[in-house]
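Right, one structure below, let's go through it.
Side chains included, hydrogens not; waters and symmetry mates left out as well; all remaining heavy atoms used. Proteins come first, then strands; the chains are lettered A, B, ... in the order of their sequence lines, and each starts at number 1.
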Amino acid sequence: MLKLYNTLTKKVEEFIPIDPNEVKFYVCGPTVYDYFHIGNARSFIMADMVRRYLEYKGYKVKFVMNLTDVDDKIIKKSLEEKREAKDVSTDYINAFFEDITKLKIKKATVYPKATEHMHEMIDMIKKLVDKNYAYNIDGNVFYDVKRFSEYGKLSGKNTEELEVGARIDANEEKKDPLDFALWKKAKEGEPFWDSPWGKGRPGWHVECSAMSCKHLGETFDIHAGGNDLIFPHHENEIAQSEAANQKPFVKYWLHFGFLNINEEKMSKSLGNFFTARDVLKKYSAEAIRMFFAQAYYRGPLNFSDDLLTAAEKGLEKINNLVDKVNSEIKKNNSGIKPEFEFNSYYKKFEEAMDDDFNTSQAVAVIFDFVKDVNRVVAPLDNVDVSFYNDVKTFLTKTAENVLGIVDFNKTTTGDDKLTNDLIELLIRLRTEAKQNKNYQLSDSIRDRLKELGVILQDSKEGTTYKIGK
RNA sequence: GGCGCUGUACCCAAGUGGCUUAAGGGGAAGGUCUGCAAAACCUUUAUUCGUCGGUUCGAAUCCGACCGGCGCCUCCA
C-alpha cells in the first residue's frame, strides 16, 4: 500500500488513484529563460523517481510537465540579447531536453507549451470573468481573491494575515493587493496575443491551470513541484481551477525540499547556483541521482562537492557488482546456485518506497542486497549463471528502473574493439613481465595506463581493467 | 508578526511509542588477497538521538518549555 504526504491535508495518506487504470500526474516544469540549476534538477529527478515507482507498482502514468515559454524573464532576456523571445525560449527548451536526457529523467507523456495553449487559457479567464471571479481593468485582468473563500487552504495562510504582512506589493490598479494577474496588457515591444481584453499575454499561474485541465482533466491525482511553489503559485492554481470548474482540482499535492548551499537555498536570485549541465561535467547522472535518493525528498539537502563525491564512491560499490554480473553473464558458467531470498529484498524495497517514497531506505536495501550477494558468492568457486541473472533482474527493476542509479549498459571497458585489444595486449605483456619478476616494467605499464585513465585491477582470476572518467 | 520544515556519530542521512542492544553511505582503523600497490571483499566504528522537565511498564519517537538552523509570506524547483 503506497502512502504519501499530501501538502493539502498535511497528512500521510493512502494513494488511491481516481482512475484505477491511469494515474494523472502533473509537475511544474521550467521557465525557459536560462539553463536549469542543480536545485531545480532535484525536483525533476525526485518527480521522476515517483513516476517510475508508480510504474513499478503497475500503474499506467500520464505524466505532464509544462514548459513556460512566455514570461517576463524570457522577454527581458530577449530584449537584452536583441532577439525574438521565441528564439530565446526555443534555445532553452532544447537545452532543457539535453539536460534531462543526460540526467536519465524519463520523458513526460506531454510537454505542453504556454504559447500553444493561448486558446485554453483565454477560455479559462473568460469563465472566471463570467463567474465574477475576475475583473478587467483597462486590459489587465485580475483574479479576485476575496471571491474564493477557500483561498489559502493549501499554504495554510489566511487572507487577513497576508494583508498585514508588509511585503506585499500594492499594485495601484488591483482591487486588493492579493489579487493576481490572469492577463497582462502588452507593453510596447513585447510579444502579445489577441484576447477579448485586448492585446496581451497570460499570467503565469493560469498557464498550469489551463494546461493541466486540458491534458489531465478538471480533477487529477498528483500535482508536484518545489516547496517555493506552494505559495502563491499552487494556491493560485487551486483558486483558478476550482472557481472555473467548480470541482476539486488535485487530490494529492507533493512538494520537494530545497537544495541548499552552505545552509542557504540555492536560487537564481541569490546567485549561489550551479547549473545541472556544469555539475554533469564532473559527476555522472547516476551519482547525482544517488545523492538525491539518499535524502528524503521533502527535507532540505545541502549541496557540496564532498557530498557528491561521497555519493559517487558509494555507488562504486554497487557498480562493482554490476560489472561482475555483466561479465559472469557473458561467461555463462553452470555451477552451484546459492540459496538466496530475493523476495525479501523486493519486499523491503517496496516497503521503503511505499512509505512516502523513502528513497534513502530503498538505497539502504540496495546496499544490503549488494553486500549479501558478495558474501554469498565469496566462498564459492563456481556460481551458476542463473543466480547472476536473478541478481541482475533485482538490480534492474529497483536500482536501474526506479531509482536510476545504475546502468547495466554502461560499459566500463573500451567502446571500440581496437582499444580493447590494445589494452588486453598491454595487460598480457605486464603479466609476462610479472612472471619474469621484472616488476619495474610491470609497474611502469600499470602506472602509465593509469595516467591514461585505464585502471588495472589484479585478482585471482587475472587482471581486468576499467576506464575511469 | 503569521504559516511550515528542521536539530540523530567525524561528515551526509533513515528511523517518529516496544520488531532497533539507533538503517545505509562517506571517512577512519584492522584484516583477507598481492612481488608491491591499487581495487575488491570482510570486520570494527552513537548505552545514545539540541537542552531541561513531564506522560508511560517502556520515548530518539508523545506533551511542555527553552536554545539553534532553514524556508514561504515578492519572481523562484
Side-chain angles (χ1 to χ4, degrees), chain A residues 7 10 27-31 33 36-47 71-73 76 152 155-158 160-169 177-178 180 204 224-233 235 255-260 263-270 273 290-291 293-296 298-304 306-318 320-321 323-324 348 352 355 358-368 370-371 374-375 377-379 434-435 437-439 442-443 446-447 450 455-460 463-466:
Chain A
T7 310
K10 297 186 179 55
V27 179
C28 288
T31 300
Y33 70 104
F36 66 88
H37 63 64
I38 192 71
N40 303 127
R42 185 185 186 193
S43 290
F44 299 153
I45 286 173
M46 295 320 288
D71 171 85
D72 290 352
K73 282 182 222 146
K76 189 172 166 236
S155 56
K157 299 186 188 305
N158 76 54
E160 282 103 69
E161 270 158 8
L162 276 169
E163 290 182 70
V164 174
R167 296 209 284 172
I168 290 173
D169 173 40
L178 283 176
F180 55 90
W204 174 45
N227 251 328
D228 47 2
L229 297 184
I230 296 174
F231 191 90
H233 185 53
E235 197 69 74
H255 289 99
F256 306 110
F258 295 128
L259 191 63
N260 294 158
E263 313 295 337
E264 203 178 42
K265 177 184 171 184
M266 181 185 290
S267 75
K268 289 260 165 75
S269 38
L270 290 170
F273 65 92
M290 175 68 147
F291 169 64
Q294 279 184 304
Y296 181 40
R298 290 206 302 125
L301 180 64
N302 243 330
F303 177 85
S304 76
D306 285 354
L307 296 172
L308 255 301
T309 304
E312 192 173 50
K313 288 232 176 101
L315 201 55
E316 259 178 56
K317 220 170 191 164
I318 301 171
N320 283 322
L321 182 61
D323 289 343
K324 187 178 169 77
K348 281 182 202 156
D355 181 17
N358 191 337
T359 50
S360 174
Q361 191 70 47
V363 168
V365 173
I366 305 289
F367 276 111
D368 282 339
V370 169
K371 194 182 206 176
N374 283 330
R375 214 192 315 237
V377 157
K434 274 169 69 177
Q435 278 158 0
K437 300 210 188 306
N438 186 352
Y439 296 124
S442 69
D443 288 355
R446 182 174 66 197
D447 294 344
K450 195 178 174 189
I455 297 150
L456 298 190
Q457 290 169 170
D458 293 340
S459 75
K460 259 185 255 174
T463 303
T464 56
Y465 74 93
K466 71 178 175 192

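Residue G156(A) is in sugar-phosphate contact alone, with no base atom involved, counting any heavy-atom pair closer than 4.0 Å across all strands shown. Contacts of H255(A) with the nucleic acid, taken as non-hydrogen atoms under 4.0 Å apart, are absent. Backbone-only engagement by A310(A) is indicated by non-hydrogen atom pairs under 4.0 Å involving sugar-phosphate atoms exclusively. Counting any heavy atom pair closer than 4.0 Å across all strands shown, G257(A) reaches a base atom. Counting non-hydrogen atoms under 4.0 angstrom, K317(A) reaches the backbone sugars and phosphates but no base. Here F258(A) lies in heavy-atom contact (under 4.0 Å) with a base. Residue contacts shown for L259(A) include a base, since a base heavy atom lies under 4.0 Å away. Residue contacts for M290(A): at a heavy-atom cut-off of 4.0 Å it reaches no nucleic acid atom on any strand shown.
Residue I318(A) contributes atom CD1, which lies 9 Å from atom P of rG25(B) at whole-angstrom precision. In this structure, NZ of K371(A) is placed 14 Å from C1' of rG26(B), rounded to the nearest angstrom. When the P atom of rA38(B) is taken as reference, atom CD1 of I455(A) falls 14 Å away, rounded to whole Å. When rounded to the nearest whole Å, the span between CG of N320(A) and P of rA38(B) equals 16 Å. For R375(A) and rA40(B), the CZ to C1' distance is 15 Å, given to the nearest whole Å. Here the P atom of nucleotide rC73(B) and the CG atom of L229(A) are 10 Å apart, to the nearest Å. Atom CD in E235(A) sits about 16 Å away from atom P in rC72(B), given to the nearest Å. Taking atom CG of residue N374(A) and atom C1' of nucleotide rC42(B), one finds them 10 Å apart after rounding to whole Å.
Applying the side-chain hydrogen bond (donor to acceptor under 3.5 Å, both in side chains) rule to Q435(A) yields no partners; only residues at least two apart in sequence or on another chain are considered. For N374(A), there are no side-chain hydrogen bond (donor to acceptor under 3.5 Å, both in side chains) partners at least two apart in sequence or on another chain. Shown here are the salt bridge (Lys or Arg N to Asp or Glu O under 4.0 Å) partners of R375(A), two or more places apart in sequence or in another chain: D372(A). Partners of D355(A) under the side-chain contact (heavy atoms from CB on, under 4.5 Å) rule, at least two apart in sequence or in another chain, are N358(A). Not counting sequence neighbours, the partners of K324(A) by the side-chain contact (heavy atoms from CB on, under 4.5 Å) test are E328(A), V377(A), Y388(A). In this structure D71(A) satisfies the salt bridge (Lys or Arg N to Asp or Glu O under 4.0 Å) test with no other residue, sequence neighbours excluded. For K157(A), there are no salt bridge (Lys or Arg N to Asp or Glu O under 4.0 Å) partners at least two apart in sequence or on another chain. In this structure S442(A) satisfies the side-chain hydrogen bond (donor to acceptor under 3.5 Å, both in side chains) test with no other residue, sequence neighbours excluded. Checked against salt bridge (Lys or Arg N to Asp or Glu O under 4.0 Å), D72(A) has the following partners two or more places apart in sequence or in another chain: K184(A), R201(A).
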5' to 3', nucleotides 4-13 of chain B under a 4.0 Å protein heavy-atom cut-off (B base, S sugar-phosphate only, - none) gives S-------SS
Given protein heavy atoms under 4.0 Å, the one-letter contact record of nucleotides 27-35 of chain B, with B base, S sugar-phosphate only and - none, is simply S-------B
Intra- and inter-strand pairing of RNA chain B, written as dot-bracket with Watson-Crick and G-U pairs under 3.5 Å and | for the latter, reads ((((((((.[[[..)..(.....]]]((((((.......))))))....[[[[[..)....]]]]])))))))....
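Across every non-hydrogen atom of H255(A) and T7(A), the tightest pair is ND1-OG1, 2.8 Å. The shortest heavy-atom contact between G39(A) and M266(A) is N-SD, 3.5 Å. Closest of all the heavy-atom pairs between G152(A) and E235(A) is N-OE2, 3.0 Å.
Comparing rC70(B) with rA28(B), their P atoms sit 31 Å apart, to the nearest whole Å. Nucleotides rA14(B) and rG26(B), compared at atom C1', are 15 Å apart to the nearest Å. Between rU55(B) and rC62(B), the two C1' atoms lie 8 Å apart (nearest whole Å). For rC33(B) and rU43(B), the C1' atoms lie 15 Å apart once the distance is rounded to whole Å. Nucleotides rC3(B) and rU8(B), compared at atom C1', are 26 Å apart to the nearest Å. Taking atom C1' on both nucleotides, rA59(B) is separated from rC19(B) by 16 Å, rounded to a whole Å. With C1' as the reference atom, rC75(B) and rC63(B) are 41 Å apart, rounded to whole Å. Here the separation of rC49(B) from rG7(B), taken at their P atoms, is 14 Å to the nearest Å.
The existence of a salt bridge linking K348(A) and D368(A) is excluded, since no basic side-chain nitrogen approaches an acidic carboxylate oxygen closer than 4.0 Å.
For D368(A), the listed nucleotide lying nearest its side chain is rA23(B); candidates were rA14(B), rA23(B), rA38(B). Each of rC72(B), rA40(B), rC41(B) was ranked by its minimum atom distance to the side chain of E316(A); first place goes to rA40(B). Of the candidates rC73(B), rG24(B), rG71(B), rC73(B) carries the atom nearest the F231(A) side chain, counting heavy atoms from C-beta on. Nearest nucleotide to the Q457(A) side chain, out of rA14(B), rA40(B), rA39(B): rA39(B).
Counting distance only, with no hydrogens placed and no angle test, the side-chain atoms of K268(A) and the base atoms of rC75(B) include no donor-acceptor pair under 3.5 Å.
Along RNA chain B, the nucleotide closest to L321(A) and the one closest to R42(A) are compared, and the more 5′ of them pairs with L321(A).
D458(A) places no side-chain N or O within 3.5 Å of a backbone atom of T463(A) that could act as its donor or acceptor partner.
K450(A) has no side-chain polar atom (N or O) that falls below the 4.0 Å cut-off from OP1 or OP2 of rA37(B).
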